[in-house]
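Here is the structure we will look at.
Here, residue 1 is the first one in the sequence, and each next residue gets the next number. Just so it is clear, the values below take in all heavy atoms, side chains as well, and ignore hydrogens, waters and symmetry mates.
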Amino acid sequence: MASTMLITGVSGYLGSRLATRAVRAGWSVVGTVHGGECSIDGVRVERIDLVDRAAAVALLERVRPDAVVHTATGRDRGDWAAVADATGTVAVASAAVGARLVHVSSDAVLSGRQPPYDESALPDPVYRYGAGKAAAETVVKAVAPDAAIVRVPLIVGTDGDSKYERMTPALIAGQPGALFVDAYRSPIHVADLSDALLELATAGTPAGEHAGVLNVAGPDTVSFHRLGELIARRQGLDPALVPAARAGELDVVIPRDNRLDSTLARKLLTTRLRGAPEFLA
């Protein structure tokens, strides 16, 4: 009998890719959506507001999943209830049915002032979304101490549908905006992250036994602008046309250097975590 995985936010970019790979790996997959739509072969979709604790607990009691992967990020990044409170609901419901919880967090919990960051780094967010994700980490540690808390950087794909794959050609075409040359991240391919999450959800493996924070990021650090150049080149566009800006010269609040040290993840996982220069080549 196949193990059951519940994926929150299955209509999102990460959630949908994870669900597809989970089905291929033999999981029985249930996915939650709030306002989005999802039609993935082999995935049973449940429409629910995860802020509603009673509804979330009832859903998990009915599904009785072996693992829960919480990819949902909320209706928008300033939505504290969906980012922070809903994570508490998912953690409580997962613990109540004994499900392995893999919570997808973000490098946004970090200020970017003391890179590189390993798993011992304490949250010190500089903007609201990061604060919400930091609160979510705290509640997961309290409610489900055996859970994996996966800090991830920018998530990029090669199918043209990830945020920066869509943004880069739009900027080149004249959409207002620019990419920062002085803000740095460690992007990861959505397929590599999905496979890592599957490993972390699987009982009986070193990754499946991991508890607490785990950085899952690519090995290469690039600026937002360099990422745009790599994407442009892959899409057959002129990298020189990617507009540039300096965060330090603008009135913006953004972590400047959130490079993540994924040494521990590379020891635990069999999935190879590729860097942006490789997967966008």
Side-chain angles (χ1 to χ4, degrees), residues 1-34 36-48 50 56 59-74 86-87 89-91 93-95 97-106 136 140 144 146-153 155-159 161-162 188-211 214-218 262 265 268-274 279:
M1 183 176 178
S3 297
T4 299
M5 175 181 292
L6 187 141
I7 300 172
T8 68
V10 77
S11 62
Y13 183 67
L14 173 59
S16 61
R17 273 66 179 178
L18 172 61
T20 298
R21 298 176 86 84
V23 170
R24 290 175 184 168
W27 288 86
S28 175
V29 179
V30 177
T32 74
V33 300
H34 181 252
E37 299 295 333
C38 176
S39 57
I40 299 172
D41 288 345
V43 177
R44 191 177 96 220
V45 177
E46 297 277 351
R47 191 167 296 278
I48 185 175
L50 293 174
L59 174 62
L60 266 75
E61 287 180 344
R62 175 160 48 87
V63 173
R64 307 295 296 188
D66 298 281
V68 175
V69 184
H70 184 42
T71 76
T73 58
T87 299
T89 296
V90 171
S94 299
V97 299
R100 163 70 166 168
L101 175 60
V102 180
H103 167 60
V104 180
S105 187
S106 169
V140 169
D146 292 334
I149 299 170
V150 185
R151 286 182 182 164
V152 303
I155 304 171
V156 183
T158 46
D159 58 4
D161 199 34
S162 60
I188 190 166
H189 195 289
V190 67
D192 298 349
L193 176 55
S194 295
D195 288 345
L197 294 173
L198 291 179
E199 285 194 58
L200 288 161
T202 303
T205 67
E209 301 301 320
H210 178 77
L214 183 71
N215 293 337
V216 178
S262 292
L268 282 175
L269 299 169
T270 61
T271 299
R272 189 169 74 86
L273 306 177
R274 296 168 292 167
F279 65 73

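- At distances below 3.5 Å, at least one donor-acceptor pair connects side-chain atoms of Glu199 with backbone N or O atoms of Thr270.
- The backbone N or O of Asn215 sits less than 3.5 Å from a side-chain atom of Ser262, completing a donor-acceptor pair.
- In this structure, Arg151 contributes its side chain and Leu214 its backbone to no donor-acceptor pair below 3.5 Å.
- Here Leu269 contributes atom CG and Leu197 contributes atom CG; the two are 9.0 Å apart, rounded to the nearest 0.5 Å.
- Within the 3.5 Å criterion, the main-chain N or O of Asp146 finds a donor-acceptor partner in the side chain of Arg100.
- Minimum heavy-atom separation, Glu209 to Gly204: OE2-N, 3.3 Å.
- Contact of the Glu61 side chain with the Val97 side chain is registered, since non-hydrogen atoms from C-beta on lie closer than 4.5 Å.
- Heavy-atom minimum distance, Val68 versus Ala99: CG2-CB, 3.9 Å.
- Interatomic distance, Ser194 OG to Ile188 CD1, rounded to the nearest 0.5 Å: 9.0 Å.
- Put simply, the side chain of Arg17 never gets that close to the backbone of Gly12: no donor and acceptor are under 3.5 Å apart.
- You'll find the side chain of Leu198 reaches within 4.5 Å of the side chain of Met5, heavy atoms only.
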Inset, instruction - For side-chain contact (heavy atoms from CB on, under 4.5 Å), just list the numbers for Arg64 and Thr4, CA-CA rounded to whole Å, side-chain angles, deciding distance to a tenth of an Å, and then say yes or no. - result: CA-CA 8 Å; Arg64 307 295 296 188; Thr4 299; over 6 Å; no
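- A donor-acceptor contact shorter than 3.5 Å is absent between the side chain of Ser16 and the backbone of Ser11.
- When every heavy atom of Ala148 is checked against every heavy atom of Leu200, the shortest pair comes out as CB-CD2, 4.4 Å.
- Distance check: Ile7 CD1 to Ile40 CD1 gives 7.5 Å after rounding to the nearest 0.5 Å.
- Leu60 contributes atom CG, which lies 5.5 Å from atom CG of Leu6 (distance to the nearest 0.5 angstrom).
- Closest heavy-atom contact between Ser28 and Ala2: N-CB, 4.1 Å.
- Annotation: the span from Leu101 atom CG to His70 atom NE2 amounts to 8.0 Å, rounded to 0.5 Å.
- To the nearest 0.5 angstrom, His210 atom NE2 is 11.5 Å from Thr205 atom OG1.
- Heavy atoms only, all atoms of each residue included: Val69 and Ala201 are closest at CG2-CB, 4.3 Å.
- Asp41 places none of its side-chain heavy atoms less than 4.5 Å from the side chain of Val23.
- In terms of modelled atom types and a separation under 3.5 Å, the side chain of Thr8 and the main chain of Thr32 share no donor-acceptor contact.
- More than 12 heavy-atom neighbours from other residues, nucleotides or ligands sit within 6.0 angstrom of CG on Asp159.
- Relative ring orientation between His189 and Phe279 is described as perpendicular, the plane-to-plane angle rising above 60° on a 0-90° scale split at 30° and 60°.
- Between Ala196 and Thr271 the shortest heavy-atom distance is N-OG1, 3.8 Å.
- Within the 4.5 Å cutoff, the side chain of Leu18 has no heavy atoms near those of the Trp27 side chain.
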